[in-house]
Engineer: 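Below is one structure. I have some questions about it.
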Amino acid sequence: MKLETPVLRMDGVCKSFPSPAGRVEVLKGVDLEIRRGEFVMITGPSGSGKTTLLHIGALLDFPTVGRVLFDGQEVSGLEEDRLCGLRKRTVGVVFQRFCLLSRRTALENVLFRFRYVGGEDRENRRAAVEALETVGLAEAADRPARVLSAGEMQRVAIARAIALRPDLLLADEPTGNLDAASAVSVMECFRRLNEAGLTVLLVTHNEGLLRYASRHLVCAEGVLKS
Amino acid sequence: MSVRPALRFWTRDLWEGARSEPGRVGLSFLAVAIGFTALTLLLAVLDGLRARAQDLVRELGANVMAVLPAPREGDAAIPLLRTQGERLALQLPECRVSALRRYEVGMPADKSRVTVLATDEFLLPLRGWTLEAGRNLDRRDVQEGARHVVISSALARRWKAGIGSLVSLEQTSFRVVGIAALGGGGLEQETVDTRIQTGEQVVLLPHSAPVAWGGESREEIQRADAIFVQVPPDKMVADVLPVARELLDDAGKEGLSWITPDILLRGVHRWQNAVRLAGGSIALLCLVLGGTTLMSLMLANVRDRLPEIGLRRALGATRRDIARLFTVEACLVTGLAAVAGMGLAGLLVEVIRRRFGVPLQLGAAQVLWPLGLAVALGIVFSYWPARLAAHISPAEALRNE
């Protein structure tokens, strides 16, 4: 039987950072495999290495030791340009504090996804509007990001992340700055996207969100456990 | 990337970059603009002096030197004789030589004075003066002492005289055979011996014309106030000068003054050097100060925009893209500051030129130089901040979110 290639795979990933007291080991040999269509949630206390793991998965950082394979292709040793090319189209990232450009409208923020991709103006706009519709914010397209509520901001950030239909959507504490109602609407958004076939990797310290995940992993002291 | 979205993205990025810290951007803009005002003014002064130097050389004549009796304190000057001019012409056949005697003649009709230059047919072409109408004095006029004159166009206008008109000088009538445009009066007193200046109200007549204004004797009429020697284009004045000096050695080494283009431009060159040194230092200082302010702005911008840098990297921007963003932002500030500085300098140049008559000049070079320098300044002073921004790891930038 032919096994499907995982979207993301990490083999023995270690990550350490320099500090005045010497190198700090944040990840200590992480093995992870995320298959297409999964909704994987990693929980763990602050400082456990969740965000570092997510950054490595989002191709924003490199492991000190170990291999990272994206769609079967090893990315650890890729050149800058090829890595950026992968980042452009294959991953979408949602951040805890939204990372929106406050002076721009919701639509312009989503369009910013195409900043380093290019494409036709009309096509980009159509994809951005569609992404906003997917997260239920079509009517807020022309509102400046700074006047949106926190929940709306996070949904705009999700629309930006999915506008190019990435292979993997990664979210770092997406409900960390939201009230309970907004957190639910954002998580419902993730669930709908996952149901539509998008693979999701979400890290959070909020175990109340586990019901949305198809698989749950725990990160503790740099080690990942089922 | 298609041109339109790329342009749209760039415009938006640059506009937001400039608006991110309006105070800081404004300060850098001001500092750089002051620097470019100083630089443009310096270039305008230097170009004005260069044009002035060209005017002076044009006034004297191309490749021309003049010899005059040296002024002596107490003693009378050793006279210069027309025969010395003839000797030069004979010994230097490749050169064009012309002697002149100068008279100031009163005009009783309007109580004005005109400058009369008693000379030969060579003075007009030698000094680079151009005929506007009629003809120049010719060999026959000089040999026969014809009562023919060439008058300056300014005088022709004043007298309403044309070719064939009769003009009266000291009760002697002369027929106007030519009207010439003389120099623009560029040989000013502070830089050049006044004896080679002509002014605008000038009459040229053959030195052999039978007139003796002021009761001068025949010997005195043989005296010359100046002899002009034009060196052929393939030779340098400096090469002919020692030979000519040697030929007129009978007047004594101290007896004659020699005016060459080099001597004529010595004063202008002195000014050019002084302006270059003083003005250049000020302009350079202003630009370095402006550039340093810009660099501090860019560094602060990098620090404040870490999350944005992280976001851009997460969306696929390469290090080059990030460096380019900051560099183009810096070049935009310096470019616009240069345009503003040049605009202000242009205004100042106009005011100074009109009110104080200082010879300032603003040409294409004074615009292109600062613009080129603005871009260079933007690149140089944003290099380090841009490099710093480009080398921040995206994960590290996003941790500052």
Side-chain angles (χ1 to χ4, degrees), chain A residues 15 17 26 51-62 79-105 108-109 111-125 157 160-161 163-164 166 170 172-173 176-177, chain B residues 1-25 301-329 386-401:
Chain A
K15 181 74 183 176
F17 294 101
V26 179
T51 298
T52 304
L53 185 67
L54 185 116
H55 282 165
I56 291 173
L59 314 177
L60 297 170
D61 210 348
F62 294 106
E79 287 170 8
E80 158 91 357
D81 281 1
R82 289 194 61 194
L83 197 66
C84 289
L86 268 179
R87 242 185 250 149
K88 274 180 205 174
R89 293 192 175 273
T90 52
V91 291
V93 192
V94 178
F95 307 99
Q96 182 177 354
R97 288 185 198 158
F98 330 129
C99 249
L100 295 183
L101 302 168
S102 60
R103 287 196 170 97
R104 300 194 189 191
T105 64
E108 285 167 340
N109 267 284
L111 273 170
F112 197 62
R113 183 73 185 93
F114 301 88
R115 172 66 181 88
Y116 298 100
V117 177
E120 286 303 314
D121 227 8
R122 199 187 306 168
E123 282 301 304
N124 293 349
R125 188 164 285 266
R160 181 181 62 198
L164 267 168
L170 302 104
D172 183 12
E173 300 276 11
N177 275 7
Chain B
M1 188 189 277
S2 309
V3 177
R4 229 175 109 195
L7 259 178
R8 197 196 302 271
F9 283 132
W10 267 109
T11 314
R12 201 63 209 255
D13 283 354
L14 294 174
W15 175 235
E16 283 188 4
R19 284 175 69 200
S20 62
E21 279 296 336
R24 258 187 241 150
V25 173
N301 262 0
V302 170
R303 196 190 55 218
D304 291 353
R305 288 163 70 183
L306 275 177
E308 184 196 324
I309 294 169
L311 173 67
R312 285 177 187 272
R313 294 300 306 273
L315 298 183
T318 59
R319 286 194 184 119
R320 223 175 18 253
D321 290 325
I322 299 296
R324 198 180 295 147
L325 176 73
F326 283 92
T327 306
V328 173
E329 273 183 22
R387 199 179 138 81
L388 202 70
H391 281 81
I392 294 169
S393 108
E396 193 185 317
L398 287 165
R399 264 186 217 108
N400 286 277
E401 187 202 354

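Every chain is numbered from 1, with letters handed out A, B, ... down the list of sequences.
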Engineer: Between A:R104 and chain B, which part of the residue has a heavy atom less than 4.5 Å away: side chain, backbone, both or neither?
Structural biologist: both
Engineer: Using a strict 4.0 Å threshold on nitrogen-to-oxygen distance, state whether B:D321 and B:R312 make a salt bridge.
Structural biologist: no
Engineer: Under a 3.5 Å distance rule, please check whether A:D61 uses its side chain to pair with a backbone N or O of A:I56 as donor and acceptor.
Structural biologist: no
Engineer: With a 4.0 Å cut-off, would you call A:E80 and A:R87 a salt bridge?
Structural biologist: no
Engineer: Is there a donor-acceptor pair under 3.5 Å between the side chain of A:R113 and the backbone N or O of A:K88?
Structural biologist: yes
Engineer: Taking side chain as everything from C-beta outward and backbone as N, CA, C, O, which of these in A:F112 sits under 4.5 Å from a heavy atom of chain B? Side chain, backbone, both or neither.
Structural biologist: both
Engineer: What part of A:L59 lies closer than 4.5 angstrom to a heavy atom of chain B: side chain, backbone, both or neither?
Structural biologist: neither
